Structure formats: C-alpha cells, structure tokens
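Take a look at the structure set out below.
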Number of protein chains: 2
Amino acid sequence: MPADTKTALLNSAERAARARGFDGFSYADLATDVGIRKASIHHHFPSKANLSVALMRRYAEAFETEILRIHEEKTSGGARLLALIDIYREALENGKSLCLCVSFSSSPESLPPEVIAQIRQFRAMLIGWLTKTFEAGQTDGSIAGVAHPELESAAALAVLEGAQLAARAEEDVVLFDMALKLLKGRLSG
Amino acid sequence: MPADTKTALLNSAERAARARGFDGFSYADLATDVGIRKASIHHHFPSKANLSVALMRRYAEAFETEILRIHEEKTSGGARLLALIDIYREALENGKSLCLCVSFSSSPESLPPEVIAQIRQFRAMLIGWLTKTFEAGQTDGSIAGVAHPELESAAALAVLEGAQLAARAEEDVVLFDMALKLLKGRLSG
DNA sequence: GTCTATACAAAGATAGAC
DNA sequence: GTCTATCTTTGTATAGAC
C-alpha cells in the first residue's frame with residue numbers, strides 16, 4: 001500500500017507505538033515489519049527522537065483534518081462530540097491500542113522536548129475544537145446541561161484519554177464505554 | 001528511614017516507576033539509590049516481574065486503607081470525593097509523577113499477567129468506593145446532579161487518571177485542575 | 001545478605017561498500 | 001537507498017565467594 005519506504009516506516013512505527021508504547025518497539029521491529037535492514041532506517045530517520053517528531057507531526061495534522069471534517073459534516077454539537085468519541089473508541093482497536101497522543105503522554109521522558117511541545121499544541125488544538133463544540137451544543141440544545149464549555153472540554157478530553165488508558169490496560173473496551181456513558185447520555189441530535 | 005533493605009527497594013522502585021514508568025528504571029538505578037550492588041537486589045526480588053507484583057500489592061493495600069480512612073473521617077459524599085481528588089493531585093508531585101496505577105496502566109506489555117489482574121482488582125475496588133461515595137452525595141445533597149452513581153464513578157475515575165496523564169506529560173498541574181474543575185464545582189459539604 | 005565477576009540479549013547508532 | 005559489519009551501552013539475570 002505505501003508507495004515509499006518512509007511512509008511504510010511511519011505506518012509501522014505508529015502502529016507499534018500505539019500498541020506497545022514508544023519504548024515498546026525498536027528499529028529491529030520496524031525493519032522486520034517493513035522488510036529492510038535496521039541500518040537502512042537511519043537513512044530516513046537518523047535517530048528515534050527524529051522519528052518521534054515525524055510521527056507526532058503526521059498524527060496531529062491528520063487528526064486536525066479529521067475533526068475539521070467532522071465540524072463540516074455534522075451540524076449539531078452533540079453529533080460532533082459523538083463522532084469524536086467514536087474516533088477514540090475506534091483507536092482502541094478492541095483494547096489493543098491507544099491513540100498516539102495518549103501513548104506518547106505515557107512516556108514523556110523517552111521523548112525529545114520538541115515532541116512534548118507538539119503534544120501541548122495538539123491538546124490545545126483539541127481543547128479549542130471541543131470548546132467550540134460544547135458551545136454549539138449549548139446553543140442548539142444537543143448537549144444537555146452545559147454551563148461552562150471550556151471546563152466541559154477539559155473534562156471531556158481527560159475522560160476520553162483516561163478511559164482509553166483503563167481499557168487498554170485491561171484489554172476491555174467495555175471500560176471505555178462505561179466511562180463515556182454519562183457524557184453520551186447528555187447528547188442528542 | 002526504612003528499617004530493611006527490601007522496604008527501601010520498594011520505596012525507591014515506586015518513586016522511580018511513578019516518575020519514569022516501569023521501563024524507565026533499572027536495577028542499576030535502584031542499586032545506586034539504595035546503596036547496594038544491583039546483583040544484591042535479586043536476592044529480594046528475583047526478577048523485575050516479581051518486583052512489579054510486590055509494588056502493586058503494596059500500593060493497592062495502602063490505597064485501600066487510605067480511602068477507608070477517608071470514608072471514616074469525612075461524613076459527606078462531597079467531602080469524600082474531594083479528598084480523593086486531592087490524593088490524585090498530590091500524587092502528581094507538581095507534574096513530575098503519576099499514581100502507580102496510571103503508571104502501570106501505561107505499559108501493560110511490560111507487566112506480568114498477575115499485575116494486570118491486580119490493576120483490574122484495584123480499579124474495581126476504587127469504582128466500588130466511588131459508587132458508594134456518589135450515592136452518599138446524592139442522598140445528602142453534597143454532590144449536585146447525581147442521577148447514576150455507577151456511571152458517575154466510572155467517569156470520575158477516567159477523569160482523574162486522564163487528567164494526571166495530561167498534567168504529567170506537560171509537567172503542568174494546571175491541566176489537572178482544569179480537567180477536575182467541573183466535577184469539583186458540583187461538590188459541597 | 002551482599003559482594004565481584006560475568007553471561008547474554010537487545011538497543012540505538014555509525015562506517016563504508018555497493 | 002540499502003546493505004554488511006561493527007561499536008557501545010544498557011538491561012536483566014546468574015554463579016559462586018565471603
């Protein structure tokens with residue numbers, strides 16, 4: 001599927017990082033997976049720190065594109081939030097994986113400062129989108145009981161990430177569903 | 001402070017695991033910290049898997065004791081929940097640490113199945129305590145807007161753990177406070 | 001219970017040929 | 001752009017003396 005080796009490496013690394021953490025895969029793993037020798041990987045990504053930056057950049061860009069698309073396609077705040085919850089649920093892969101942001105947040109000591117900054121920007125971007133979404137849901141009535149959109153968004157992101165963590169640890173997506181049930185119960189439209 | 005070497009090792013390992021993850025410390029680190037040679041650690045904990053079980057057991061027991069104490073000392077559901085939130089906030093150590101459960105949940109592949117089972121039991125125990133607490137808050141009116149104590153407890157635990165993760169990643173306790181602000185705003189008594 | 005010494009595997013990374 | 005070969009460090013773990 002991937003035309004070039006670099007993309008194949010990014011795909012393999014992202015899958016591995018989400019399933020086993022950034023320290024849970026090595027260049028040897030990527031080499032086996034992609035079908036080249038591990039020394040060759042250094043041609044594309046001189047260091048693993050370098051690779052982590054590329055991974056996070058690609059992930060943040062793809063994610064932002066995705067939520068902007070949701071904003072276009074769904075008209076109510078409730079429908080938009082539900083779509084985001086689905087993204088986090090799908091990323092769990094039945095409890096065997098995490099979204100890259102949660103995975104990277106779990107091992108900040110292993111990452112270069114640049115990735116920490118990317119994580120910060122990513123969360124800020126997402127909090128911004130969520131705040132807009134809760135405001136819309138407050139206005140159009142598709143999210144019940146919204147009084148403080150900014151606080152709702154911070155809490156919602158924490159629930160999404162915390163629920164993923166618990167579900168991943170026990171490999172049981174039901175834990176995710178339980179944690180999100182209260183929030184989903186407030187949604188309509 | 002610790003009378004015996006074994007306790008000193010557990011203390012050192014718990015601090016390290018919470019600050020840098022279970023894969024983020026080695027027997028060499030513990031040896032330096034405690035002041036013995038790394039080979040000597042194997043006398044107390046034959047393998048790191050063994051150590052992880054001992055860590056999680058001690059942590060779960062201490063935590064359960066702590067929340068039972070809270071249940072005794074605080075009379076309202078709201079006050080009890082607030083005390084629990086404080087425990088999670090303190091465990092952050094200004095964004096430099098996590099509680100052991102979140103830390104271990106971040107690297108389940110590195111842990112023996114026994115610890116995964118301990119994590120499951122720990123969360124079940126905590127969910128049970130939280131459900132009782134939300135029920136109390138519902139009855140005594142010290143937690144506003146409680147309709148489903150069991151769903152509230154699952155969501156609350158996810159918020160606590162997700163907020164810790166974000167705050168740890170960016171080493172900023174404000175992220176924790178933001179994520180918990182909505183829940184804390186519902187508490188009184 | 002702690003030590004020295006060592007085994008063994010895996011990791012990230014580099015040099016230089018093709 | 002990929003290869004072979006190699007370096008260096010670090011990790012977990014064991015053997016056997018004291």
Side-chain angles (χ1 to χ4, degrees), chain A residues 1-56 58 103-104 106-116, chain B residues 1-56 58 103-104 106-116:
Chain A
M1 170 110 55
D4 56 303
T5 304
K6 193 160 188 168
T7 303
L9 287 169
L10 284 170
N11 292 347
S12 178
E14 181 172 331
R15 237 179 302 118
R18 287 177 42 195
R20 305 189 297 276
F22 185 68
D23 295 328
F25 75 92
S26 66
Y27 272 29
D29 297 327
L30 301 186
T32 302
D33 194 25
V34 170
I36 59 175
R37 296 298 185 159
K38 66 172 182 170
S40 309
I41 302 177
H42 289 277
H43 172 74
H44 302 280
F45 302 102
S47 72
K48 214 182 168 187
N50 188 301
L51 170 60
S52 71
V53 173
L55 276 176
M56 192 62 206
R58 189 180 75 151
S103 173
F104 274 10
S106 298
S107 50
E109 342 71 41
S110 307
L111 301 167
E114 191 173 349
V115 172
I116 304 300
Chain B
M1 169 116 52
D4 55 305
T5 305
K6 194 160 188 168
T7 302
L9 286 168
L10 284 171
N11 292 347
S12 178
E14 181 172 331
R15 237 178 302 119
R18 288 177 42 197
R20 306 188 297 278
F22 186 66
D23 295 328
F25 74 94
S26 67
Y27 272 30
D29 296 326
L30 301 185
T32 302
D33 194 25
V34 170
I36 59 176
R37 295 299 186 159
K38 64 175 179 170
S40 308
I41 302 177
H42 290 277
H43 171 75
H44 301 281
F45 303 103
S47 72
K48 215 182 167 187
N50 188 302
L51 170 60
S52 70
V53 173
L55 277 176
M56 192 62 205
R58 189 180 73 153
S103 173
F104 275 9
S106 298
S107 51
E109 343 72 39
S110 307
L111 300 166
E114 191 173 349
V115 172
I116 304 301

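Protein chains get the first letters and strands the later ones, always in sequence-line order, with residue 1 at the start of each. In this text, all values refer to a predicted model and were calculated from it rather than measured experimentally.
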Looking at [options], which one has an atom nearest to any side-chain atom of [X]?
X     : options                : value
A/S47 : C/dT14, D/dA13, C/dA13 : C/dA13
B/K38 : C/dA11, D/dA13, C/dT4  : D/dA13
B/H44 : D/dG11, C/dG12, C/dT2  : C/dT2
A/D29 : C/dA5, C/dA13, C/dA11  : C/dA11

Distance check needed: [N] [atom2] versus [X] [atom1], whole Å only.
X     : N      : atom1 : atom2 : result
B/I36 : C/dC3  : CD1   : P     : 6 Å
B/Y27 : D/dT14 : OH    : P     : 10 Å
B/F45 : C/dT2  : CZ    : C1'   : 16 Å
B/R37 : D/dC18 : CZ    : C1'   : 15 Å
A/H42 : C/dA11 : NE2   : P     : 12 Å
B/D4  : C/dG1  : CG    : P     : 9 Å
A/F22 : C/dA11 : CZ    : C1'   : 12 Å
A/L30 : C/dA13 : CG    : P     : 12 Å

For B/S107 and B/D23, which heavy atoms make the closest approach, and how far apart are they?
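What the structure gives for the nearest pair is CB-OD2, 4.2 Å.
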Specify whether B/H42 and B/Y27 have parallel, tilted or perpendicular ring planes, treating 30° as the upper limit for parallel and 60° as the lower limit for perpendicular.
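Correct class here is tilted.
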Do B/S47 side-chain atoms and B/N50 backbone N/O form a donor-acceptor pair below 3.5 Å?
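Yes.
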Side-chain donor or acceptor of B/S103 paired with backbone N/O of B/A17 under 3.5 Å
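Yes, the answer is positive, given that a donor and an acceptor are paired below the 3.5 Å cut-off.
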At less than 4.0 Å, is any side-chain N or O atom of [X] found next to OP1 or OP2 of [N]? Yes or no.
X     : N      : answer
B/H43 : C/dG1  : yes
B/S26 : D/dG11 : yes
A/T5  : D/dG1  : no
B/S40 : C/dG1  : no

Quick one: do A/D29 and A/K38 satisfy salt bridge (Lys or Arg N to Asp or Glu O under 4.0 Å)? Show the steps, please.
CA-CA 8 Å; A/D29 297 327; A/K38 66 172 182 170; over 6 Å; no
Base, sugar-phosphate, or nothing: which does A/F25 touch, judged by heavy atoms less than 4.0 Å apart?
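Sugar-phosphate contact only - A/F25 comes under 4.0 Å of backbone atoms but never of a base.
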